[in-house]
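To keep things clear, I will list the structure first and then write my remarks on it.
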Amino acid sequence: MARTSDARTAGGAAGRASRRRKNPLRFLALYLLLAVAAVQVPLAKLWVLTPWRGGGFGMFSTLDSSSFRPVRVYAVGDGWERRLKLPEDLGGPAYAAGCLPTDGRLEGLARRVAARLRPGKRTVRAVRVEVWKTAFDPATTTLSVRPWRSVRYELDHGAP
Amino acid sequence: MARPETREPWWRRLAASLVEIDSFDLAARLTLVYFMVRPLGPWWAHVPVLLMASCGLLVPWLVRRAGFWFLFALAVASWVIPAWSFIDNHAYLLVYWCLALGCSIAFSDERGETLATNARWMLGLVFALAVLWKVVLSPDFMNGHFFRATLLADQRFRELSLLAGGVTAETYRHNVALLRQLGEGKLGLTAVQLTEPHQQVVFSYVATWWTALVETAVAILFLLRRRLRIAFLRDWMLLFFCWMTYPFASIAGFGWLLTIMGVAQLEPERRAVRLLYLATFGFILIDKLVPWTQGLVALTR
């Protein structure tokens, strides 16, 4: 009887060990890597995410990186507009906006820029944030930029 | 009469000690060194990671606890998840790697072998994805435009441009000044014509094909079955990639992770290759601190 019990115990331990050896969770990190990459590819190809980011390992594969997506900010008034120097502490949000320039993210950046506007002679009606794209012409060795995405954030009563 | 004890030189004893460490333990300790030398995101991720890495180096049995590595994964993920769209890919890889270390202990009886399989597949998949982007999905890599524009405009590759592209310091400064004007966009400037020597054009095409071929080779070799005869080449190819890439590309974090995974998946009997991986880990560390490529540029001018 005791021998049977021992055999059962040994068999159970061996079974547990075998199950443990074959536990699919031991490769959880690999599944996660593949799942994230499977999401990143369509986000970058079909949406506005730069292929350099998002966990798909597309870095150093294309010029469509955040450094080639300059972000520009403008103060807009009645019949005039002026390009603003981006405050240093907004470098991070501007970089994030370049990597994934959704309307929400651009508007968030515009709102933060608006909050930092100093009083001036002219009334600012809106802040516009633009993300530009860079293109390379190999025939003439020319780098050119063009506006790509833009959001205008209206100030409620205008900022003096 | 007793013979005087023959003492081996220190470097030989050091090498002997390094090759005797269990593969799992070595990969785990290197990961802790990585956390110690590399600043990691915001304070809420950096502080716990630094404290845990210190504990792991002082108390070696901690590295064999699954929970320890899950905590690392959690801390790094707390940095990666909110920044998912703009954080570097190696931060993702760091989460996967810590998770692999934890899962190899928690869900397997043979942690070393399971970690080796995780590392091999992870390396293969990372390179396969890099090749997918470069060769298939990207519109401007295989035609050479990426390297041409990058060597002209990306200042991280300044030394490579000066050394291999045949660009003079004056031409480089001129290009940088034009790029600054383009960035400022004064007077509605939307295009600048840069000076590119013929040597740099040729080098860009060579670099394009070279990168595609080497990365494809690494991906295939790591995804091949381990028992195939040519599989041993994977380590040489990965080491070659590291030695060709990291002196010029300022992405040390990625290089360290690749070498740690290389160590983890290596057969224990291949001692010389292990030492080469460790030397590469050290080389990337030194390369980050010592501006030797700038020195090389100064010597060649």
Side-chain angles (χ1 to χ4, degrees), chain A residues 16-18 20-30 32-34 36-37 40-41 43-45 49-68 70 72 83 92 95-100 102 105 132 134-138 140-147, chain B residues 73 80 83-89 92-93 95-100 102-104 106-110 114 117-118 121-122 125-127 129-130 132-134 137-141 143-146 148-150 152-154 178-179 182-183 185 190-196 201 211 249 251 254:
Chain A
R16 273 197 301 279
S18 170
R20 220 166 118 81
R21 263 197 297 277
K22 289 176 183 162
N23 192 334
L25 285 175
R26 68 195 191 283
F27 298 129
L28 181 65
L30 297 175
L32 200 59
L33 186 156
L34 281 172
V36 170
Q40 188 265 359
V41 172
L43 284 182
K45 285 302 281 182
L49 176 68
T50 167
W52 283 56
R53 298 288 180 254
F57 300 96
M59 61 283 188
F60 298 101
S61 70
T62 172
L63 290 173
D64 190 15
S65 68
S66 51
S67 20
F68 285 101
R72 296 180 176 187
R83 188 165 163 200
Y95 178 79
C99 291
L100 182 73
T102 58
R105 199 168 266 186
W132 291 49
T134 309
F136 176 66
D137 180 356
T140 57
T141 328
T142 301
L143 274 179
S144 58
V145 289
R146 61 176 171 81
Chain B
V80 172
W84 72 271
S85 65
F86 57 89
I87 203 162
D88 285 340
N89 285 304
Y92 282 84
L93 196 58
V95 178
Y96 304 146
W97 180 241
C98 292
L99 204 56
C103 290
S104 299
F107 305 118
S108 167
D109 292 325
E110 291 145 347
T114 307
T117 310
N118 267 301
W121 276 91
M122 214 172 271
L125 289 172
V126 164
F127 276 89
L129 287 163
L132 175 74
W133 268 109
K134 287 186 176 80
L137 299 174
S138 168
D140 53 5
F141 186 84
N143 59 14
H145 296 182
F146 168 75
R148 285 185 65 185
T150 299
L152 285 168
D154 190 336
L178 286 174
L179 288 166
L182 183 67
T190 57
V192 288
Q193 190 171 23
L194 303 170
T195 307
E196 185 186 35
V201 179
T211 307
I251 37 175
F254 209 83

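Below, chain A is the first sequence line, B the second, and so on; all start at residue 1.
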Enter the distance from B/Trp133:CH2 to B/Phe141:CZ here, rounded to the nearest 0.5 Å.
-> 13.5 Å
Would a 4.5 Å heavy-atom cut-off, applied to side chains only, mark B/Met122 and A/Leu30 as touching?
-> yes
Among A/Ala44, A/Gly55, A/Gly98, which residue forms the greatest number of heavy-atom pairs with chain B at distances under 4.5 Å?
-> A/Gly55
If one checks every heavy atom of A/Arg72 against chain B at 4.5 Å, the contacting part turns out to be side chain
Residue from B/Leu182, B/Thr117, B/Val80 scoring the most non-hydrogen pairs under 4.5 Å with chain A is B/Leu182
Between A/Lys45, A/Arg53, A/Arg83, the one whose heavy-atom pairs under 4.5 Å with chain B are most numerous = A/Arg53
Chain B contacts, top residue of A/Pro51, A/Ser66, A/Gly92, A/Ala135 (heavy-atom pairs, under 4.5 Å) = A/Pro51
Of the listed residues (A/Leu33, A/Thr142, A/Asp137), which shares the most heavy-atom pairs with chain B below a 4.5 Å separation?
-> A/Leu33
Where does B/Asp154 contact chain A at under 4.5 Å (heavy atoms): side chain, backbone, both or neither?
-> neither
Taken to the nearest 0.5 Å, the spacing of A/Phe57 CZ from B/Asp88 CG works out to 10.5 Å
What distance do A/Asn23 atom CG and B/Phe107 atom CZ have between them, rounded to the nearest 0.5 Å?
-> 6.0 Å
Please list, chain by chain and in numerical order, all residues satisfying side-chain contact (heavy atoms from CB on, under 4.5 Å) with A/Ser67, sequence neighbours excluded.
-> A/Ser65
Of the backbone (N, CA, C, O) and the side chain (C-beta and beyond), which part of B/Phe254 lies under 4.5 Å from a heavy atom of chain A, both, or neither?
-> side chain
Between A/Thr134, A/Leu100, A/Asp64, the one whose heavy-atom pairs under 4.5 Å with chain B are most numerous = A/Leu100
Top contributor to chain A contacts, counting heavy-atom pairs under 4.5 Å, from B/Val192, B/Thr211, B/Leu179, B/Leu99 = B/Val192
Within the distance-only criterion (no hydrogens, no angle test), does the side chain of B/Tyr92 pair as donor or acceptor with the backbone N or O of A/Gly56 below 3.5 angstrom?
-> no
Cut-off 4.5 Å, heavy atoms of chain B, and the answer for A/Leu63 is both
Identify which part of A/Phe60 has an atom lying under 4.5 Å from any heavy atom of chain B, answering side chain, backbone, both or neither.
-> both
Chain A heavy atoms under 4.5 Å from B/Tyr96: which part of the residue, side chain, backbone, both or neither?
-> both
Closest approach of B/Asn89 and A/Trp52, non-hydrogen atoms and distance?
-> ND2-O, 3.0 Å
Go through the atoms of B/Leu194 and report whether side chain, backbone, both or neither lie under 4.5 Å from a heavy atom of chain A.
-> both
Residue B/Leu152 versus chain A: region with a heavy atom under 4.5 Å | side chain
Pick from A/Thr50, A/Leu32, A/Leu43, A/Leu28 with the largest number of heavy-atom pairs that fall under 4.5 Å of chain B = A/Leu32
Got B/Thr190 and A/Arg146 here, is their nearest side-chain heavy-atom distance under 4.5 Å?
-> no
Considering residues at least two apart in sequence or located in another chain, which fulfil the salt bridge (charged side-chain N to carboxylate O under 4.0 Å, His left out) criterion with B/Asp140?
-> none
Given B/Pro139, B/Gly144, B/Gly183, B/Gly102, the one with more heavy-atom pairs under 4.5 angstrom with chain A than any other is B/Gly183
Output the distance between atom CD (A/Gln40) and atom CG (A/Leu49), rounded to the nearest 0.5 Å.
-> 6.0 Å
Tell me yes or no: between the side chains of B/Thr114 and B/Ser108, is some donor less than 3.5 Å from an acceptor?
-> yes
Measure distances from A/Thr62 to the heavy atoms of chain B and classify the residue's part below 4.5 Å as side chain, backbone, both or neither.
-> both
Mind running side-chain hydrogen bond (donor to acceptor under 3.5 Å, both in side chains) on B/Ser85 and A/Arg105 for me, showing each step along the way?
-> CA-CA 11 Å; B/Ser85 65; A/Arg105 199 168 266 186; 2.7 Å; yes
Where on A/Trp132 is there a heavy atom nearer than 4.5 Å to chain B: the side chain, the backbone, both, or neither?
-> side chain
Honestly, the part of A/Pro138 sitting under 4.5 Å from a heavy atom of chain B is both
